[in-house]
Amino acid sequence: MPPVLYLIDGHALAYRTYFALASAGERLQTHSGEPTAGIYGFASVLMRILEQDRPDYLAVAFDTGKTFRNDMYPAYKATRAKMPDDLRAQIDHIRQIVDAFNLPRLEKEGVEADDVLGSIAKQAVEHGLGVKIITGDRDLLQLVNDRIIVNLAGNKLSEARDFTAADVVETLGVRPEQVIEYKGLVGDKSDNIPGVPGVGEKTATSLLERYPTLEDIYAHIDEIKGAMRAKLEAGRESAFLSRDLATIRTNVAISLDLEKARANDLNLPAVEAIFRELEFRTLIARLAKLAPGYQPPAASAAGGQLSLFGVPITQVGQSETFANHYSVVNTPEALKELQQALAGAECLAVDTETTGVDPLRAELVGISLAVVEGQGYYIPVGHRTGEPQLKLDEVRSALLPAFTDPKLPKYGHNVKYDLLALRRAGLDLAPIRFDTMIAGFLIDPASRSLGLKDMSEDYLNLTMTHIEELIGKGKNQITMAEVPIERAAGYAAADAEITLRLVGPLRKGMAERQAEKVFETVEMPLVPVLAMMEQNGIALDLDFLKQMSTELTNRLVEIESEIYRTVGYHFNLNSTQQLSDVLFKALGLLPPDPRKKTASGHFSTSADILEELRGQHPAVDLILEYRELSKLKSTYVDALPLQINPDTGRVHTSFNQTGSVTGRLASSDPNLQNIPTRTELGRQVRRAFIAAPGYRLLSVDYSQIELRIVAAMSGDEAMRQAFLAGQDIHAATAAAIQNVPLEQVTKDQRRNAKAINFGLIYGMSSFGLSRSTGLTLAEAENFVKAYFAQFPGVRRYLDEVRKQASQRGYVETLLGRRRYFPNLKSGANPNMRAREEREAINAPIQGTAADIMKLAMIALPGALQQAGLHARLLLQVHDELVLEVPENELQGTAGVVKDIMENAYPLSIPLETEARSGISWGELQPFA
DNA sequence: TCCCGCGG
DNA sequence: CCGCGGGA
């Protein structure tokens, strides 16, 4: 194999990784607020290449200013979004890193990095080298041939992949050398290359299959029929110009001194200094491993310095390389050994393999355990491969003592899942002391990479096998039960082992961010409570839903034909785009606010727009009714029965503790936190949620908990007095603003005051307020002014929160749950800034309410048991708890629940609750 | 993927 | 403001 020259496209890679990290929710920055996502992305890819590929030669190309393409076509890249300012500033750091690695920088005035890469690549091939180009820019694919491959970054850092000529054909449908012809036809929106108007991807690939180049197409233009031919003829000039723009030059006068590109003499202290300055801690750790083991390519055959188990890090978790470090427990002897290990254990990490994603339906396939780092156990119990495995009964009695040992703390990743799966198999797990997913969430609530695989990369720098490598994906997916034990074991044991290994770094991470208190007093104790609620589930009145569905269908059919009749023709009512055309083109209605665009360029048809169009055409009212009914039918009435668990006959929602950045729970499968309540018809759906025979549903909700929290946290006297006096807070607000006695507040005044109170909680602007109230912007501004004049403490509090958010970079709830706002510190653009300021105001209010509710939920089961009551907690809807209560215990239970909720976390303002009960969620009556 | 709409 | 889900 010839030596290989690695060429990195510096800008494209920084750009791509910047957005990859941003879209993954990472807001990378240093302590002082300097954004680093682009640098980090670039540096980690560079490190990965040095560690894993050991390139013979490596150089990095950069763009410089305007290029000859702008002379050819002034609009070139004119529409491309300007590079974000904070990324631009990062490019210089990237250049420094390249220098510190002693790698050549390739740049030339007047040409793009693409052209530099193309030219150098061509020269290298002529010298007999292989070339690999690392970029984020698909255009480079045109350079691929049998000596040049391109590694293209994906939407996530881990999704980069190599493209050979065959890969290009498979992905784009054309050969690499045809990429420019393809661009000539299709153009490129992001570079503002026009192409041939009207020719899309499909047309272009099929044309290029028959005629390999533009020249061939136009030479045979008479073989092409109809409209396509006309389009091609009209776009002829544009096609050739576009192709020229898209063509990467390979004859740029630039040269590379290969000796300088030998990737073997990085200036370690310089790199480390830069990484330290940028606070790339994990990269520094990798550096230490890289430097001593790094040999000139000729002598690098020994290798092996990068490993944890003596294998390259990419292979950890794959069974063949993990083989010495896990045991399959499928004999009585092995089980005995495991029991002995458990007896001496100080902690126990647990993971389960099941046949599905719903823990209340899936079957248990195997249990993984780890008690020390570097060693894992896999206990198969449900493999359907005919291989020997222990009986579940034996496993259960062997494990139960340790699993329920009060002195043995249990760890897991999303451990609520495993708890439920184990319970269904007759096991249990307590006490649960550490959930790595929740810990990761508290360290960064905005993180979208809380999967075990992601966290393993982020915190341990270990790449794990993905489950799809075992069970496949799509329609050929099998379940874990069909995977041979030996193949499953390495993967499964690694899950428990990695979980165990994550605990240390996560504790440290939580300590740095002072998240331990919320973790230990709120989130971890909540896990078993939520598991219990999910297990309980809630009963549905199926007959009622069936009848409702029929009635809705009938009415929908009526409305639909009525709409088609008034409009004059048929169209797809459920397509918002078609609807927009019908209303604003065919019917000629004027969009009330023509600025209200949608991303696809259509006018919005949202309910508030339609609301304004009422009366202008009979179809409008009908559409609004249609929308309401079809939403109800598809989302609730027809969907809920499908979610009933056949074993229990009830629906078991899943509560996610890591779903909401503010600390609220999120409910899914089905979401029982958005069952309608605001309209009469919607409320009907709630009637389908019923109590079991002999039971009643009891609902207790906090009244105005968020405003009470504002009053307490801000200490605003006027607001506190209103609450202490037990006044209707919205009316009291209106009275204060309008300066009228409380009794004289009109409905309108109260409604506006209510809107501003809500706006307050949501950090809303005058603009938002005017939208939600129908006041003019000026009126809304005056209203806000009057509000703050009456509640000066609230204003001070809001200013304080904003200041804290921008100075410290985070805000926190009363219990210390934090939400981070790195962009406020670094002064991002005004839009983002305003958005984050609103989020910063909302987070402590909503988050404190969420914390208090969680504390109540944790305290409740013990209090009920203490009182000898048998109520079951079923649902939490942010400020409401729903329980199923034996009829004769209603009164006592209501008292306990109210007491627990009202005293969960004492504020300087009393928390009040309201209890209601009934046989269904839809017809609850206040308690006597 | 976007748009819309349900809840708090 | 924060979510989840249906449908094109």
Side-chain angles (χ1 to χ4, degrees), chain A residues 23 155 445-446 448 571-581 596-611 623-624 626-640 642-643 653-679 681-686 701-707 709-710 755 757-765 767-769 771-772 798 801 811 819 821 834-850 853 875-882 921:
Chain A
S23 72
N155 289 323
R448 263 167 275 173
F571 61 99
N572 186 344
L573 247 181
N574 289 318
S575 161
T576 52
Q577 304 196 349
Q578 287 188 34
L579 180 61
S580 180
D581 287 343
K596 258 251 177 174
K597 30 82 211 230
T598 70
S600 49
H602 289 80
F603 293 117
S604 167
T605 62
S606 65
D608 51 335
I609 297 284
L610 294 181
E611 208 54 61
I623 291 165
L624 278 165
Y626 180 89
R627 280 259 180 92
E628 185 188 355
L629 300 196
S630 71
K631 167 83 183 179
L632 235 46
K633 178 166 145 64
S634 66
T635 309
Y636 305 105
V637 179
D638 290 348
L640 282 170
L642 303 177
Q643 298 272 1
T653 186
S654 172
F655 289 107
N656 183 351
Q657 279 169 279
T658 60
S660 172
V661 284
T662 55
R664 277 190 172 183
L665 295 178
S667 154
S668 64
D669 308 298
N671 181 353
L672 296 186
Q673 291 180 323
N674 71 344
I675 305 300
T677 184
R678 291 180 191 178
T679 67
L681 190 65
R683 239 179 339 264
Q684 292 280 331
V685 177
R686 291 199 171 214
D701 65 321
Y702 284 113
S703 44
Q704 310 297 350
I705 185 170
E706 286 171 335
L707 280 177
I709 287 167
V710 172
N757 278 331
F758 271 97
L760 165 70
I761 293 165
Y762 298 151
M764 194 192 271
S765 56
F767 175 73
L769 184 65
R771 240 178 47 110
S772 73
L798 296 186
V801 171
V811 296
R819 177 166 181 194
F821 297 97
R835 178 188 171 85
E836 293 208 345
E837 279 189 357
R838 288 195 295 274
E839 292 170 353
I841 287 169
N842 172 254
I845 303 170
Q846 195 176 93
T848 300
M853 177 56 110
L875 304 177
Q876 186 252 46
V877 190
H878 308 307
D879 63 356
E880 171 188 15
L881 290 180
V882 178
W921 202 10

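Here the structure is a predicted model, which means the values were calculated and not measured. Order of the sequence lines sets the chain letters (A, B, ...), proteins ahead of strands, with each chain counted from 1.
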Any A/Asn842 side-chain N or O less than 4.0 Å from OP1/OP2 of C/dC2: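 So the side-chain polar atoms of A/Asn842 never come under 4.0 Å of the phosphate oxygens OP1 or OP2 of C/dC2.
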Rounded to the Å, how far apart are A/Gln684 CD and B/dC6 P?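 Checked: the CD to P distance equals 15 Å.
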Whole angstrom is fine here: how far is it from CG in A/Asp701 over to P in B/dG7?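 Between P of B/dG7 and CG of A/Asp701: 15 Å.
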Could you please name the option among C/dC1, B/dG8, B/dC6 that lies closest to any side-chain atom of A/His878?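 My answer, after comparing the listed nucleotides, is B/dG8.
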Could you check whether A/Ser630 gets within reach of a base, just the sugar-phosphate, or nothing at all, counting any heavy atom under 4.0 Å?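 It contacts nothing in the nucleic acid.
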N or O in side chain of A/Arg819 less than 4.0 angstrom from C/dC2 OP1/OP2: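 For A/Arg819, the contact criterion (side-chain N or O under 4.0 Å from OP1 or OP2 of C/dC2) is met.
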So A/Leu881 and A/Met853, side chain to side chain contact (heavy atoms under 4.5 Å, CB included) or not? Walk me through it. CA-CA 9 Å; A/Leu881 290 180; A/Met853 177 56 110; 3.8 Å; yes
For a quick check of understanding: with a heavy-atom distance under 4.0 Å over all strands, which category does A/Asn572 fall into, base, sugar-phosphate or nothing?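 Answer is sugar-phosphate: A/Asn572 comes under 4.0 Å of backbone atoms only.
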Using a cut-off of 4.0 Å on non-hydrogen atoms, how would the nucleic acid contact of A/Gly763 be classed: base, sugar-phosphate, or nothing?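 Answer is nothing: A/Gly763 stays at 4.0 Å or more from every strand.
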Considering only B/dG8, C/dC4, C/dC2, which nucleotide approaches the side chain of A/Ser668 most closely?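 Among B/dG8, C/dC4, C/dC2, the one nearest the side chain of A/Ser668 is C/dC4.
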Look at the side chain of A/Ser660 and decide which nucleotide, out of B/dC4, C/dC2, B/dG7, has an atom nearest to it.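 Of the candidates, C/dC2 comes closest.
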Specify the separation, in whole Å, of atom CH2 of A/Trp921 and atom P of B/dG7.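 Those two atoms, CH2 and P, are 11 Å apart.
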Nearest to the side chain of A/Ala607 - C/dC2, B/dG8, B/dG5?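 Nearest listed nucleotide: B/dG5.
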Within less than 4.0 Å of OP1 or OP2 of C/dG7, is there a side-chain N or O belonging to A/Ser634?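 For C/dG7, OP1/OP2 do have a side-chain N/O of A/Ser634 under 4.0 Å.
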Quick check for you: among B/dG5, C/dG7, C/dC2, whose closest atom lies nearest to any side-chain atom of A/Asn574?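 Nearest to the side chain of A/Asn574 among the choices is C/dG7.
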Walk me through whether A/Ser667 and A/Asn671 qualify under side chain to side chain contact (heavy atoms under 4.5 Å, CB included). CA-CA 5 Å; A/Ser667 154; A/Asn671 181 353; 3.4 Å; yes
Figure out the CG/C1' separation between A/Leu881 and B/dG7, and round it to whole Å.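 To the nearest whole Å, that distance equals 16 Å.
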Just N and O in the side chain of A/Arg664: are any of them under 4.0 Å from OP1 or OP2 of C/dC2?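 Checking C/dC2 against A/Arg664, no side-chain N or O comes under 4.0 Å of OP1 or OP2.
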Looking at the side chain of A/Asn671, which of B/dG7, B/dG5, C/dG3 is the nearest nucleotide?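 Selected nucleotide: C/dG3.
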Quick check on B/dG7: is either OP1 or OP2 less than 4.0 Å from any side-chain nitrogen or oxygen of A/Arg683?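 False: A/Arg683 side-chain N/O out of range (4.0 Å or more) of B/dG7 OP1/OP2.
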Return no unless some side-chain N or O of A/Thr605 is found under 4.0 Å from OP1 or OP2 of B/dC4.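 The answer is yes; a side-chain N or O of A/Thr605 sits under 4.0 Å from OP1 or OP2.
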Using 0.5 Å steps for rounding, measure from the CZ atom of A/Phe655 to the CG atom of A/Leu875.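 With rounding to 0.5 Å, CZ (A/Phe655) is 5.5 Å from CG (A/Leu875).
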Nearest-0.5 Å distance that lies between atom CG in A/Leu672 and atom CZ in A/Arg686: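 Here the rounded value is 9.5 Å.
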Per A/Ser575 side chain, nearest of listed nucleotides B/dC4, C/dA8, C/dC1: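 Output: C/dA8.
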Output the rounded distance in Å from CD (A/Gln657) to P (C/dG3).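 The answer, rounded to whole Å, is 15 Å.
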How long is the line joining NZ of A/Lys633 and P of B/dG5, in whole Å?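 Computing the A/Lys633:NZ to B/dG5:P distance gives 19 Å.
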Rounded to the Å, how far apart are A/Ile623 CD1 and B/dC4 P?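 Taking CD1 of A/Ile623 and P of B/dC4, I get 13 Å after rounding.
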I'd like to know if A/Arg664 pairs up with A/Glu706 as an ion pair, taking the criterion as any Lys NZ or Arg NE/NH1/NH2 lying under 4.0 Å from an Asp or Glu carboxylate oxygen.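 Judged by the 4.0 Å cut-off on N to carboxylate O distance, A/Arg664 and A/Glu706 do form a salt bridge.
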Side chain of A/Thr848, backbone of A/Pro844: donor and acceptor closer than 3.5 Å?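 Such a contact is found between A/Thr848 side chain and A/Pro844 backbone.
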Check whether the side chain of A/Asn674 and the base of B/dC6 form a donor-acceptor pair under 3.5 Å.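 Yes, a donor-acceptor pair under 3.5 Å.
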How many angstroms lie between atom CG of A/Leu681 and atom CD of A/Glu628, to the nearest 0.5 angstrom?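 Here the rounded value is 5.5 Å.
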Minimum-distance nucleotide (side-chain atoms of A/Ala666 versus C/dC4, B/dG8, B/dC6):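 The closest nucleotide is C/dC4.
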Between the base of B/dG8 and the side chain of A/Arg678, is there any donor-acceptor pair under 3.5 Å?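 Pair found.
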Tell me: CZ of A/Phe603 to P of B/dC3, nearest whole Å?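 It is 14 Å, rounded to the nearest whole Å.
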